[in-house]
There are 2 protein chains.
Amino acid sequence: METFAEIIKREREKRNWILRRAAARLDIDQALISKFEKGERRPSREQVEKFARVYKLKREELINIWMSDKIAYEISSESNPEKILKIAEKKIEYLNSKNK
Amino acid sequence: METFAEIIKREREKRNWILRRAAARLDIDQALISKFEKGERRPSREQVEKFARVYKLKREELINIWMSDKIAYEISSESNPEKILKIAEKKIEYLNSKNK
DNA sequence: ATAATTTTTGACAAAATTAGTCAAAATTTT
DNA sequence: AAAATTTTGACTAATTTTGTCAAAAATTAT
């Protein structure tokens, strides 16, 4: 299961880009990119979209991964993360059926 | 599928408490409680625990519901919320197997 | 109907969280 | 060991979230 951090690091290395170069292409401070690649900071949605554009990744897929990182992080320290997800799933289903 | 907001409203009404009274018991501003009951504001974890205590609900269950509200809300506007949950689930599993 | 009570709203200031930047420290490569 | 690259930490700025208050709206009682 790949994280956003791993993906953007892999993509940069694939291209043999040093951080300075990635920073120029993405127009994001290289220290920030370093933090993103280490998973220490969470990029904004706009930044995720930049990564998708520059690294030619599917925008939506990348967003899903980025969001799931966020979710996983938020609940990982709870006592029953799986249960929380199950309940959330039902709520989503319910919202879906409602807005139809 | 019940939300945190619905639960705390139901519990208060069950007791025939007006907001002012609930505010006194919970030591939370009544305007805030009103917003919680309408789902317009998200209580802190400490506040959730207060609700559980005062309304005699199972602390952990209430926290799970409160967390799942949060998750559902965060991803409900995404294009594929279900997919995001699936990925998150896998990540959680992975984290679990790792920290064992 | 209107008076009294209760709930909801909106605006605001304070508090907390998150974001971006820089330079120095640490690490890796040459 | 010098040069290049990456990581870290500290700081300020920006954004988001919080709690509070008083007034507005809605509900209930007289």
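Residue numbering restarts at 1 for every chain, and letters A, B, ... go by the order of the sequence lines.
Checked against Glu37(A) for a salt bridge (Lys or Arg N to Asp or Glu O under 4.0 Å), the options Arg12(A), Arg10(A), Lys9(A) give a single hit: Arg12(A).
In the hydrophobic clustering (ILVMFWY side chains linked at under 4.5 Å, chained through shared members), Met1(B) is joined by Ile87(A).
Distance Arg45(B) CZ to dA16(C) P: 18 Å, rounded to the nearest Å. Remark: C1' of dT18(D) and CD of Glu46(B) are 13 Å apart, rounded to the nearest angstrom. Between the CD1 atom of Ile28(B) and the P atom of dC21(D) there is a distance of 15 Å, rounded to whole Å. One atom, CD of Gln47(A), and another, P of dA19(C), lie 8 Å apart when rounded to the nearest Å. Atom CZ in Arg21(A) sits roughly 15 Å away from atom C1' in dA4(D) (whole-Å rounding). Separating the CZ atom of Phe36(B) from the P atom of dT20(D) is a distance of 10 Å, rounded to the nearest angstrom. Atom CZ of Arg41(B) is separated from atom C1' of dA16(C) by 14 Å (rounded to the nearest Å).
Nucleic acid contact for Arg42(B): sugar-phosphate only, since backbone atoms but no base atoms lie under 4.0 Å from a heavy atom of the residue.
Cation-pi geometry between Arg25(B) and Trp17(B) is satisfied (NZ or CZ under 6.0 Å from the ring centre, within 45° of the ring normal).
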Polar atoms only, N or O, under 3.5 Å: list the protein pairs with nucleotides 6-9 of chain D and their distances.
residue: dT6(D); atom: OP1; partner: Arg12(A); partner atom: NH1; Å: 3.0
residue: dT6(D); atom: OP2; partner: Leu19(A); partner atom: N; Å: 2.5
residue: dT7(D); atom: OP2; partner: Ser34(A); partner atom: OG; Å: 3.2
residue: dT8(D); atom: OP2; partner: Lys38(A); partner atom: NZ; Å: 3.2
residue: dT8(D); atom: OP2; partner: Glu40(A); partner atom: OE2; Å: 3.0
residue: dG9(D); atom: O6; partner: Lys35(A); partner atom: NZ; Å: 2.9

Tabulate atom names and distances for all N/O pairs under 3.5 angstrom spanning the protein and nucleotides 27-29 of chain C.
none

* Residues Arg45(A), Trp66(A); criterion side chain to side chain contact (heavy atoms under 4.5 Å, CB included); working and verdict -> CA-CA 9 Å; Arg45(A) 175 180 235 92; Trp66(A) 163 77; 3.6 Å; yes

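Looking at Arg53(B), its side chain never comes within 3.5 Å of a backbone N or O of Arg59(B) through a donor-acceptor pair.
In this structure, Phe4(B) has its ring center closer than 6.0 angstrom to the ring center of Phe51(B).
The existence of a salt bridge linking Lys83(B) and Glu78(B) is excluded, since no basic side-chain nitrogen approaches an acidic carboxylate oxygen closer than 4.0 Å. We find that Arg15(A) and Glu11(A) are joined by a salt bridge, their nearest charged nitrogen and carboxylate oxygen being less than 4.0 Å apart.
Contact of the Lys86(A) side chain with the Glu89(B) side chain is registered, since non-hydrogen atoms from C-beta on lie closer than 4.5 Å.
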